[in-house]
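Report on the following structure.
Keep in mind that this is a model prediction, so the values were computed, not measured.
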Amino acid sequence: MLLRELTRLFGPSGEEGEVRRFVVEHAAPYADKIDVDNMGSVIAWKYAKENKENAKTVMIAAHMDEVGFIVQYVRDDGLIRYMTVGGIDPAVCVSKRVLVGQNRVPGVIGCKAVHLQERDERSRALKHSQLYIDIGAKSKEDALSKIAVGDYVIFDSDYVEFGRGLVKSRALDDRVGCAVLLELLRHDYPCNVAFAFDVQEEVGLRGALATAFRVRPDCALVLEGTTANDTTGARVHEEICTVGQGPTISFMDRASIANPALFERMRALAKEKSIPWQLKRGSAGGNDAGSIQRTAAGCATVAISVPCRYIHSPASVCALSDVENQYNLVKAFLDEGGNY
Ligand code: CO
């Protein structure tokens with residue numbers, strides 16, 4: 001799989017070009033047709049080779065974008081105020097390395113040192129408005145010779161495999177989905193498959209609205225990275241899901257409710273094929289299923305997600321076996337023609 005390569009790419013919501021070029025290049029040898037829509041999402045089509053009249057059209061969706069920042073303005077002293085792109089906890093930002101703009105100017109997110117904070121400041125969580133990006137500039141002019149207002153910023157962090165089959169990286173949400181889609185594209189299926197690599201999921205499920213409108217699928221599977229809260233001593237139902245126990249199948253989240261028949265089919269398929277899986281024990285966040293299921297005349301959807309610890313941070317963690325089993329489960333569904 002191409003997960004390592006995909007996590008190296010620069011792709012905050014709205015600036016997915018680098019990921020898009022990679023996806024188009026790697027999909028081209030296998031796709032029957034590739035569309036890039038007006039928002040920048042990629043749809044790679046694989047058509048059923050036989051029984052074309054009765055073949056269903058299944059959409060398999062993942063999002064190319066990741067959370068990040070955008071340069072809001074530059075202070076006279078050369079420090080950068082930023083806005084967040086997608087949901088990022090200020091607590092994961094302090095002292096983190098970042099890359100600013102397409103030239104990837106290195107920087108660090110700074111704040112007042114602990115020694116200088118008042119007693120009550122130390123016990124309160126920092127806000128984004130108290131943080132800034134330091135690119136080592138001497139002045140506003142110096143900073144603006146390297147970067148511009150409106151430049152996107154991403155965390156600077158490496159892909160590292162560690163522990164027993166775990167990986168630590170930025171942007172696992174949702175480059176895991178992109179990696180699985182590119183792998184699934186290598187095969188033929190008895191249904192028409194539209195592999196949608198969507199833009200702007202992290203800022204409100206925007207790109208998928210347009211791709212689903214173009215595809216008009218009979219059903220859609222959304223491949224995601226989702227929050228695993230399995231390390232904080234939370235009660236079982238608050239863990240949401242557990243890393244290493246297989247991809248999650250969601251009954252609902254904050255943006256959509258799974259189609260009951262499709263949900264049931266995915267569970268049965270996992271059992272039939274002995275693919276590890278888990279129910280998502282809670283409904284934190286939403287994903288592109290929320291947009292896809294209400295586009296045009298509506299569509300049956302379900303989300304299949306890889307559990308990720310420390311999601312939306314420079315170092316999220318997932319199990320490679322969960323990515324593998326997300327692939328196995330979705331492939332089994334496509335091999336059967338997308339029936340449910
Ligand atoms: Co996501």
Side-chain angles (χ1 to χ4, degrees), residues 1-2 23-37 41-63 177-198 207-224 247 249-250 256-275 277 287-289 291-305 323-340:
M1 278 199 210
L2 296 163
V23 162
V24 169
E25 183 192 332
H26 287 83
Y30 308 104
D32 294 314
K33 180 169 165 257
I34 295 180
D35 293 320
V36 176
D37 77 7
S41 299
V42 180
I43 304 169
W45 294 86
K46 295 274 293 191
Y47 299 119
K49 301 287 180 287
E50 294 154 26
N51 194 18
K52 292 177 189 172
E53 259 94 280
N54 301 318
K56 290 190 169 181
T57 296
V58 179
M59 179 166 165
I60 308 291
H63 65 88
C178 295
V180 168
L181 259 63
L182 287 174
E183 199 65 28
L184 288 165
L185 254 161
R186 293 163 174 260
H187 304 273
D188 289 325
Y189 303 101
C191 51
N192 303 311
V193 189
F195 294 94
F197 299 81
D198 292 314
L209 210 57
T211 54
F213 187 82
R214 175 176 283 215
V215 173
R216 307 284 178 106
D218 294 304
C219 67
L221 305 187
V222 174
L223 275 50
E224 264 287 7
I249 305 176
S250 303
S256 72
I257 293 172
N259 174 278
L262 188 54
F263 174 72
E264 214 35 72
R265 182 70 203 124
M266 296 314 292
R267 294 215 294 180
L269 204 51
K271 283 178 199 159
E272 274 167 38
K273 307 282 179 188
S274 303
I275 299 168
W277 66 284
N287 58 57
D288 279 339
S291 282
I292 296 167
Q293 75 168 197
R294 67 185 84 170
T295 298
C299 169
T301 60
V302 69
I304 312 290
S305 307
V323 184
E324 201 67 41
N325 286 316
Q326 185 187 46
Y327 168 83
N328 291 335
L329 181 55
V330 177
K331 180 153 190 307
F333 181 73
L334 293 177
D335 283 339
E336 296 193 348
N339 295 316
Y340 65 93

Item to complete: With side-chain contact (heavy atoms from CB on, under 4.5 Å) as the test, would you mind laying out the steps for M59 and T57 before giving the verdict?
Response: CA-CA 7 Å; M59 179 166 165; T57 296; over 6 Å; no
Item to complete: Please check if atom NZ in K271 has more than 12 non-hydrogen atoms from other residues, nucleotides or ligands closer than 6.0 Å.
Response: yes
Worksheet entry | Shortest non-hydrogen contact from C178 toward A62 | N-CB, 3.7 Å
Practice prompt. Indicate the atoms forming the closest heavy-atom contact of T295 with L209, along with that distance.
Written response: CG2-O, 3.5 Å
Fill in: Y189 side chain to L184 backbone, donor-acceptor under 3.5 Å
yes
Response to the item:
Heavy atoms of A27 and L185 approach each other most closely as CB-CD1, 3.7 Å
Worksheet item: Judged by atom type as modelled, is there a donor-acceptor pair below 3.5 Å linking the side chain of S41 to the main-chain atoms of D37?
Response: no
Worksheet item: Which heavy atom of G338 sits nearest a heavy atom of C219, and at what distance?
Response: O-SG, 4.2 Å
Worksheet item: Do E183 and K331 sit within salt-bridge range, that is, some charged N less than 4.0 Å from a carboxylate O?
Response: no
Worksheet item: Between CZ of F195 and CG of L334, what distance do you get to the nearest 0.5 Å?
Response: 6.0 Å
Practice prompt. For residues P217 and C299, report the shortest heavy-atom separation together with the two atoms involved.
Written response: CG-SG, 3.7 Å
Worksheet item: N192 and A48: which non-hydrogen atoms are nearest, and at how many Å?
Response: OD1-N, 2.9 Å
Item to complete: Test V180 against M1 for side-chain contact (heavy atoms from CB on, under 4.5 Å), laying out the working first.
Response: CA-CA 7 Å; V180 168; M1 278 199 210; 4.1 Å; yes
Worksheet item: Can a salt bridge be assigned to the pair D32 and K46 using a cut-off of 4.0 Å between side-chain N and carboxylate O?
Response: no
Worksheet entry | Whether N259 side chain and L262 backbone form a donor-acceptor pair below 3.5 Å | yes
Discussion item. Assess, by modelled atom type and distance only, whether the side chains of W45 and D35 contain a donor and an acceptor separated by less than 3.5 Å.
Written reply: yes
Worksheet item: If you round to the nearest 0.5 Å, how far is CG of D198 from CG of D288?
Response: 5.0 Å
Worksheet item: Any donor and acceptor pair, going by atom type alone, linking the side chain of K49 with main-chain N or O of Y47 inside 3.5 Å?
Response: yes
Discussion item. To the nearest 0.5 Å, what is the distance between CD1 on I292 and OG on S256?
Written reply: 9.0 Å
Discussion item. Measuring only between side-chain heavy atoms, which start at C-beta, is T301 closer than 4.5 Å to L221?
Written reply: no
Worksheet entry | side-chain contact (heavy atoms from CB on, under 4.5 Å) between W277 and M266, worked out | CA-CA 10 Å; W277 66 284; M266 296 314 292; over 6 Å; no
Practice prompt. Report, as yes or no, whether the 6.0 Å neighbourhood of atom CD1 on I34 holds more than 12 heavy atoms from other residues, nucleotides or ligands.
Written response: yes
Item to complete: Give a yes or no on whether a salt bridge exists between E272 and R265, defined as a side-chain N under 4.0 angstrom from a carboxylate O.
Response: yes
Worksheet item: E224 side chain to I304 main-chain N or O, any donor-acceptor pair under 3.5 Å?
Response: no
Practice prompt. To the nearest 0.5 Å, tell me how far T211 OG1 sits from I43 CD1.
Written response: 5.5 Å
Worksheet item: Do F333 and K273 pass the side-chain contact (heavy atoms from CB on, under 4.5 Å) test, and can you show the C-alpha distance, the side-chain angles, and the key distance before you say yes or no?
Response: CA-CA 10 Å; F333 181 73; K273 307 282 179 188; over 6 Å; no
Discussion item. So, taking the atom named CD1 in I257 and the one named OG in S250, what distance separates them when rounded to the nearest 0.5 Å?
Written reply: 12.0 Å
Worksheet entry | From R267 atom CZ to L329 atom CG, the distance as rounded to the nearest 0.5 Å | 12.5 Å
